[in-house]
Peer 1: 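Below you will find the structure I want to go over with you.
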Amino acid sequence: ALVPFWRFFDTISKDLEHGIIRVVDRAERAAEADQNLQPEDIRVLKLLYLIRYVTYLEASLNNIAILMVQDMNADMEEVKASLERLMREGYVARQGTKYNFLTDEEQDITREIRNVKAEPAEVVALISQILFDDIYNFRKLTCGANNFPIDRYVDASIHGASQGGMKLSVVALAGELANATDGEIELRSNDQALVVLSDEADYYEVLLNAVRIDKYARTHAMAQLPASTQQIIKAKKEESASNKKEARVLLEDAVVHARC
């Protein structure tokens with residue numbers, strides 16, 4: 001049998017800051033009480049702390065699974081499930097493909113961000129921006145010598161000023177027609193080009209997190225905050241930027257597999 005890396009946490013625990021031990025102890029109590037965590041989640045949490053400051057090793061799902069190995073039959077899906085539970089409970093955050101152990105202060109700020117009120121229209125505006133300013137930024141349809149203006153919409157909200165042209169309507173995950181049948185889509189496409197994005201990739205939740213982070217950062221005067229808090233908010237803003245890059249890839253895929 002192999003010795004998983006997380007076991008070294010117990011070896012050095014007596015030398016760790018009290019705040020780190022408090023985070024792990026709180027997670028262990030939750031797992032023992034069967035409060036949305038499992039015992040295997042604690043082992044993943046310990047591992048994430050151990051590699052938190054190892055700059056040459058990315059805390060990706062694959063690397064975490066390798067370091068968690070106790071035998072050759074280690075299940076990556078189990079590790080992924082642990083990471084998802086830890087993220088839901090606020091012990092871990094993800095930035096792109098990297099997972100991060102969160103300290104007490106980082107957890108507090110993460111909870112505050114989750115409680116930021118974000119309107120669906122704000123997420124739709126960000127989807128529109130990515131779709132029409134980045135991925136597909138044409139504003140006219142060219143046919144031979146003729147250029148036909150296009151009015152672009154996401155969930156019935158226009159992107160940019162109306163040109164009185166052809167109507168391109170994109171339906172996102174939260175849109176009215178997101179779950180429409182093919183027959184309904186065809187019926188509603190008489191006077192517009194209707195594109196219902198695929199629901200296989202959840203770009204909406206990724207962008208919702210970005211919206212909340214951006215709003216949180218705008219409402220806090222950085223210069224007046226402690227250095228540790230400034231650093232955490234700076235990292236969160238980087239997480240927001242990473243969310244938007246991830247959403248771009250997911251939206252491209254959602255367009256490729258869209259229904260028209």
Side-chain angles (χ1 to χ4, degrees), residues 2-32 35-70 74-114 205-206 209-210 212-213 216-217 220 222 225-246:
L2 302 173
V3 178
F5 194 63
W6 65 265
R7 289 191 179 278
F8 290 99
F9 182 93
D10 297 331
T11 303
I12 65 170
S13 61
K14 64 180 182 298
D15 298 317
L16 296 177
E17 295 177 9
H18 178 67
I20 301 302
I21 299 301
R22 186 168 58 241
V23 169
V24 174
D25 284 348
R26 187 165 63 247
E28 284 181 329
R29 290 195 299 273
E32 289 169 1
Q35 295 176 342
N36 304 319
L37 290 180
Q38 301 297 319
E40 58 267 26
D41 304 344
I42 312 308
R43 296 192 281 271
V44 173
L45 185 63
K46 290 177 177 179
L47 170 65
L48 283 172
Y49 175 75
L50 290 173
I51 63 176
R52 176 181 167 95
Y53 302 105
V54 182
T55 56
Y56 57 83
L57 177 65
E58 182 182 80
S60 65
L61 173 61
N62 186 62
N63 286 339
I64 294 167
I66 290 171
L67 292 171
M68 289 296 296
V69 165
Q70 297 187 70
D75 188 346
M76 186 177 293
E77 288 303 312
E78 290 183 3
V79 175
K80 184 178 180 180
S82 285
L83 288 167
E84 288 174 350
R85 285 191 292 269
L86 288 166
M87 284 193 295
R88 280 198 301 271
E89 296 305 305
Y91 291 94
V92 168
R94 180 173 66 85
Q95 183 175 323
T97 59
K98 181 181 177 181
Y99 295 86
N100 301 307
F101 176 101
L102 297 181
T103 64
D104 269 335
E105 187 178 7
E106 288 168 336
Q107 288 184 38
D108 290 342
I109 291 175
T110 297
R111 278 191 292 270
E112 290 174 5
I113 289 171
R114 284 182 178 177
E205 285 298 321
V206 174
N209 187 57
R212 285 172 171 160
I213 291 173
Y216 183 88
H220 288 74
M222 293 287 281
L225 299 173
S228 61
T229 305
Q230 290 186 36
Q231 187 176 358
I232 293 169
I233 294 177
K234 180 182 177 182
K236 282 296 181 182
K237 291 169 73 173
E238 291 172 358
E239 181 182 329
S240 173
S242 176
N243 286 158
K244 293 167 188 173
K245 288 180 181 178
E246 179 183 357

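No hydrogens, no waters, no symmetry mates; every other heavy atom, side chains included, goes into these values. Just so we're clear, the structure is a prediction, and the values are computed from it rather than from any experiment.
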Peer 1: Could you tell me whether Q231 atom CD has more than 12 heavy atoms of other residues or ligands within 6.0 Å of it?
Peer 2: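 Atom CD in Q231 is not packed in, count stays at 12 or less.
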Peer 1: Return the minimal non-hydrogen interatomic distance between D104 and G19, and the atom names on each side.
Peer 2: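 So the two residues come closest at OD2-O, 4.0 Å.
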Peer 1: Find out whether L47 and F9 are in side-chain contact, i.e. whether some heavy atom of one side chain is under 4.5 Å from a heavy atom of the other.
Peer 2: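 Counting from C-beta outward, L47 and F9 never come under 4.5 Å.
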Peer 1: Are the side chains of T229 and H220 in contact, using a 4.5 Å heavy-atom criterion?
Peer 2: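 H220 does not reach T229 side chain to side chain.
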Peer 1: Compare every heavy atom of L37 with every heavy atom of A30, then report the nearest pair and how far apart it is.
Peer 2: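 Looks like CB-CD1, 4.0 Å.
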Peer 1: Using every non-hydrogen atom in the two residues, find where L48 and A59 come nearest and quote the distance to one decimal.
Peer 2: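 Smallest heavy-atom distance, with atoms named: CD2-CB, 4.1 Å.
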Peer 1: Could you walk me through whether L102 and V23 pass side-chain contact (heavy atoms from CB on, under 4.5 Å), step by step?
Peer 2: CA-CA 8 Å; L102 297 181; V23 169; over 6 Å; no
Peer 1: If the threshold is 4.0 Å, N to carboxylate O, is there a salt bridge linking R22 and D25?
Peer 2: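 No, no charged N to carboxylate O under 4.0 Å.
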Peer 1: Looking only at non-hydrogen atoms, find the nearest pair between S13 and I21 and report the distance.
Peer 2: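 For S13 and I21, the tightest heavy-atom pair comes out as O-CD1, 3.5 Å.
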Peer 1: Is there a side-chain contact between I12 and L50, using heavy atoms and a 4.5 Å cut-off?
Peer 2: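 Yes. Closest side-chain heavy atoms under 4.5 Å.
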Peer 1: Taking all non-hydrogen atoms of both residues into account, name the closest pair between S242 and G96 and its distance.
Peer 2: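 S242 and G96 have their closest heavy atoms at OG-N, 3.1 Å.
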Peer 1: Tell me every residue that passes salt bridge (Lys or Arg N to Asp or Glu O under 4.0 Å) with R52, counting only those two or more places apart in sequence or in another chain.
Peer 2: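 Partners of R52 under the salt bridge (Lys or Arg N to Asp or Glu O under 4.0 Å) test: E106.
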Peer 1: Once salt bridge (Lys or Arg N to Asp or Glu O under 4.0 Å) is applied, do any residues pair with R212, and if so which ones, sequence neighbours excluded?
Peer 2: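 For R212, no residue satisfies salt bridge (Lys or Arg N to Asp or Glu O under 4.0 Å) once neighbours in sequence are set aside.
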Peer 1: Check I213 against S240 and note the closest heavy-atom contact, atom names and distance.
Peer 2: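 So the two residues come closest at CG2-CB, 3.8 Å.
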Peer 1: Rounded to the nearest 0.5 Å, how far does CZ of R85 lie from CG of N36?
Peer 2: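 If we round to the nearest 0.5 Å, N36:CG and R85:CZ are 10.0 Å apart.
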Peer 1: Atom CG in L83, atom CG in L61: separation rounded to 0.5 Å?
Peer 2: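 That separation rounds to 6.5 Å.
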Peer 1: Do the side chains of K46 and R43 get nearer than 4.5 Å, heavy atoms only?
Peer 2: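 R43 vs K46: side chains apart.
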Peer 1: Are the side chain of Q230 and the backbone of L225 linked by a donor-acceptor contact shorter than 3.5 Å?
Peer 2: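 Checked: pair present.
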Peer 1: Quick one about S82 and Q38 (side-chain donor to acceptor, distance below 3.5 Å, no hydrogens or angles considered), yes or no?
Peer 2: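 There is no such pair (donor and acceptor under 3.5 Å, judged by atom type) between the side chains of Q38 and S82.
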Peer 1: When rounded to the nearest 0.5 angstrom, what is the spacing between CG in N243 and CZ in R94?
Peer 2: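 The distance works out to 7.5 Å.
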Peer 1: From E58 CD over to T97 OG1, what is the distance, rounded to the nearest 0.5 angstrom?
Peer 2: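 Going from CD on E58 over to OG1 on T97, the span is 3.5 Å.
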Peer 1: Supply the atom-to-atom distance Q95 CD to K245 NZ, rounded to the nearest 0.5 angstrom.
Peer 2: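 Between Q95 CD and K245 NZ, I get 9.5 Å after rounding to 0.5 Å.
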Peer 1: If you define the side chain from C-beta out and look only at heavy atoms, does anything of N63 sit under 4.5 Å from I51?
Peer 2: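 A side-chain contact is absent here, since even the closest heavy-atom pair is not under 4.5 Å.
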Peer 1: Does the T110 side chain pair with the main chain of G90, one donor and one acceptor, at a distance under 3.5 Å?
Peer 2: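 No; zero donor-acceptor contacts below 3.5 Å.
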Peer 1: Under the rule for salt bridge (Lys or Arg N to Asp or Glu O under 4.0 Å), what residues qualify as partners of E89, not counting sequence neighbours?
Peer 2: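 Not a single residue meets the salt bridge (Lys or Arg N to Asp or Glu O under 4.0 Å) criterion with E89.
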Peer 1: If we ignore hydrogens and angles and just use 3.5 Å, is the side chain of D41 paired with the main-chain N or O of L86 as donor and acceptor?
Peer 2: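 Between the backbone of L86 and the side chain of D41 there is no qualifying donor-acceptor contact (under 3.5 Å).
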Peer 1: Counting C-beta onward and ignoring hydrogens, is there a side-chain heavy-atom pair between L67 and W6 closer than 4.5 Å?
Peer 2: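 They are not in contact (no side-chain heavy atoms under 4.5 Å apart), so the answer is no.
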Peer 1: Under a 4.5 Å cut-off applied to non-hydrogen side-chain atoms, are V44 and Y99 in contact?
Peer 2: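 No; the side chains remain at least 4.5 Å from each other.
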Peer 1: Please work out whether the ring planes of Y53 and Y49 are parallel, tilted or perpendicular, with thresholds of 30° and 60°.
Peer 2: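 Ring orientation of Y53 relative to Y49: perpendicular.
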Peer 1: Would you please name every residue forming a side chain to side chain donor-acceptor pair (under 3.5 Å) with E112, sequence neighbours left out?
Peer 2: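 Checked E112 against side chain to side chain donor-acceptor pair (under 3.5 Å); matches are Y216.
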Peer 1: Got a second to check how far E105's CD is from I232's CD1, nearest 0.5 Å?
Peer 2: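 Here the interatomic distance stands at 3.5 Å.
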Peer 1: Using the salt bridge (Lys or Arg N to Asp or Glu O under 4.0 Å) criterion, which residues pair with R88? Sequence neighbours excluded.
Peer 2: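 So R88 forms no salt bridge (Lys or Arg N to Asp or Glu O under 4.0 Å) with any residue.
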Peer 1: Applying side chain to side chain donor-acceptor pair (under 3.5 Å), can you list everything that pairs with E239, at least two apart in sequence or on another chain?
Peer 2: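 With neighbours one apart ignored, the set is N209, K236.
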